[in-house]
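Below: one structure, written as structure tokens.
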Amino acid sequence: MSQVHAMSDDQVAGELKKMTAFIRQEALEKANEIRLKADEEFAIEKSKLVRQETAAIDSSYEKKFKQASMSQQITRSTVANKTRLRVLSARQEVLDDLFLQAGKKIPDFTKDKAKYQKIVTNLILEGLYALNESKVQVKARKADYDIVKKAIPDAQKEYKKNVEKEVAITIDESDPLPEGSSGGVFVVGTGGRIDINNTLEERLKLLETDALPSIRVTLFGENENRRFHD
């Protein structure tokens with residue numbers, strides 16, 4: 001029968017010390033393992049958060065950049081349009097003033113009687129060609145009756161030469177043009193139902209319409225943005 005030897009107090013203390021050291025070492029290793037794992041998870045989460053925040057910042061910057069670019073384009077377009085409109089308005093004022101001044105000078109054409117008679121002859125002749133009738137009437141200012149009477153034979157002669165037709169022309173003294181008008185004539189046919197307005201004011205309006213493109217080019221040059229030309 002074996003004998004159990006009791007451990008001395010020193011032996012018990014030694015064993016306890018060994019167990020305590022072992023437990024302590026296990027605890028330190030476990031704590032270190034936990035710390036390393038926590039650091040790794042923290043680093044991963046930190047990297048994830050950094051990527052998310054970076055993407056958010058990039059997205060926000062790109063959005064703001066696009067907004068700023070769009071705002072800049074709108075501003076440029078608005079300024080360009082306003083500038084273009086101001087230029088067009090200024091040009092139109094120049095053209096309006098040009099024709100206004102031309103209108104004020106129309107009466108000067110009637111001062112030279114010989115030249116004015118030739119003008120009236122051509123105005124009557126244009127009316128004859130347009131109406132192509134054998135009998136017409138001419139309306140004019142009372143102040144122009146003498147000139148019109150001299151112009152009628154010249155117009156009849158030229159008309160017969162070119163068309164080989166006779167035409168009777170009379171002055172409608174019952175309905176003269178206003179004395180305040182600048183001159184010229186109305187040529188009336190078909191019993192008064194059709195008339196050709198060949199007054200000097202009307203001719204200026206026609207000139208303003210027909211000659212405006214060429215006048216605009218003469219004054220301001222070609223429009224670089226215009227793709228088609230008359």
Side-chain angles (χ1 to χ4, degrees), residues 1-106 182 197 199-230:
M1 182 174 182
S2 61
Q3 295 181 350
V4 177
H5 299 281
M7 297 177 66
S8 66
D9 291 341
D10 291 338
Q11 289 177 326
V12 171
E15 290 297 323
L16 287 174
K17 187 174 181 181
K18 290 179 181 179
M19 292 177 63
T20 301
F22 176 78
I23 293 171
R24 184 172 180 276
Q25 182 64 34
E26 285 287 323
L28 288 173
E29 290 178 357
K30 190 64 177 179
N32 187 55
E33 181 182 343
I34 293 172
R35 181 180 62 78
L36 290 175
K37 187 174 182 180
D39 288 345
E40 181 181 356
E41 290 178 351
F42 173 77
I44 293 173
E45 188 65 21
K46 179 181 177 182
S47 177
K48 181 180 177 181
L49 290 174
V50 169
R51 287 196 302 270
Q52 289 177 345
E53 289 299 319
T54 301
I57 292 172
D58 289 343
S59 176
S60 177
Y61 173 78
E62 183 178 359
K63 183 178 179 180
K64 289 181 179 180
F65 179 77
K66 288 182 179 179
Q67 290 175 342
S69 297
M70 183 63 68
S71 177
Q72 187 178 48
Q73 290 176 5
I74 293 173
T75 301
R76 286 178 178 175
S77 178
T78 301
V79 172
N81 286 335
K82 287 183 178 180
T83 302
R84 182 176 62 85
L85 290 175
R86 283 198 294 268
V87 170
L88 291 176
S89 178
R91 288 182 175 182
Q92 189 59 47
E93 288 180 6
V94 171
L95 293 171
D96 290 343
D97 184 66
L98 174 66
F99 286 107
L100 178 64
Q101 296 303 321
K104 291 179 179 179
K105 292 183 178 181
I106 286 179
S182 298
N197 186 348
T199 59
L200 297 183
E201 291 96 339
E202 184 65 19
R203 300 299 295 193
L204 180 61
K205 289 180 183 178
L206 293 174
L207 175 65
E208 184 174 351
T209 301
D210 296 340
L212 186 59
S214 60
I215 293 175
R216 186 181 286 113
V217 170
T218 300
L219 291 177
F220 310 119
E222 290 282 359
N223 184 351
E224 296 180 356
N225 297 321
R226 189 175 181 185
R227 297 177 60 187
F228 303 101
H229 300 273
D230 298 331

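Just so we're clear, the structure is a prediction, and the values are computed from it rather than from any experiment. All heavy atoms count here, side chains included; hydrogens, waters and symmetry mates do not. This chain uses plain numbering: 1 for the first residue, then up along the sequence.
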Taking atom [atom1] of [X] as the centre, report whether more than 12 heavy atoms of other residues, nucleotides or ligands fall under 6.0 Å from it.
{"X": "E62", "atom1": "CD", "value": "no"}
{"X": "Q67", "atom1": "CD", "value": "yes"}
{"X": "E40", "atom1": "CD", "value": "no"}

Is a donor on one side and an acceptor on the other found under 3.5 Å between the side chain of [X] and the backbone of [Y]?
{"X": "S60", "Y": "A56", "value": "no"}
{"X": "T54", "Y": "V50", "value": "yes"}
{"X": "S77", "Y": "Q73", "value": "no"}
{"X": "S47", "Y": "A43", "value": "no"}

What distance separates [X] [atom1] from [Y] [atom2], expressed to the nearest 0.5 Å?
{"X": "N81", "Y": "I74", "atom1": "CG", "atom2": "CD1", "result": "12.0 Å"}
{"X": "K48", "Y": "E41", "atom1": "NZ", "atom2": "CD", "result": "12.0 Å"}
{"X": "K30", "Y": "E33", "atom1": "NZ", "atom2": "CD", "result": "4.5 Å"}
{"X": "Q25", "Y": "L28", "atom1": "CD", "atom2": "CG", "result": "6.0 Å"}

Qualifying residue for side-chain contact (heavy atoms from CB on, under 4.5 Å) with N197, from E202, K205, R203: E202
Test log, rule side chain to side chain contact (heavy atoms under 4.5 Å, CB included), inputs N32 and R35: CA-CA 5 Å; N32 187 55; R35 181 180 62 78; 2.6 Å; yes
Evaluation steps, side chain to side chain contact (heavy atoms under 4.5 Å, CB included), between F22 and E26: CA-CA 6 Å; F22 176 78; E26 285 287 323; 3.8 Å; yes
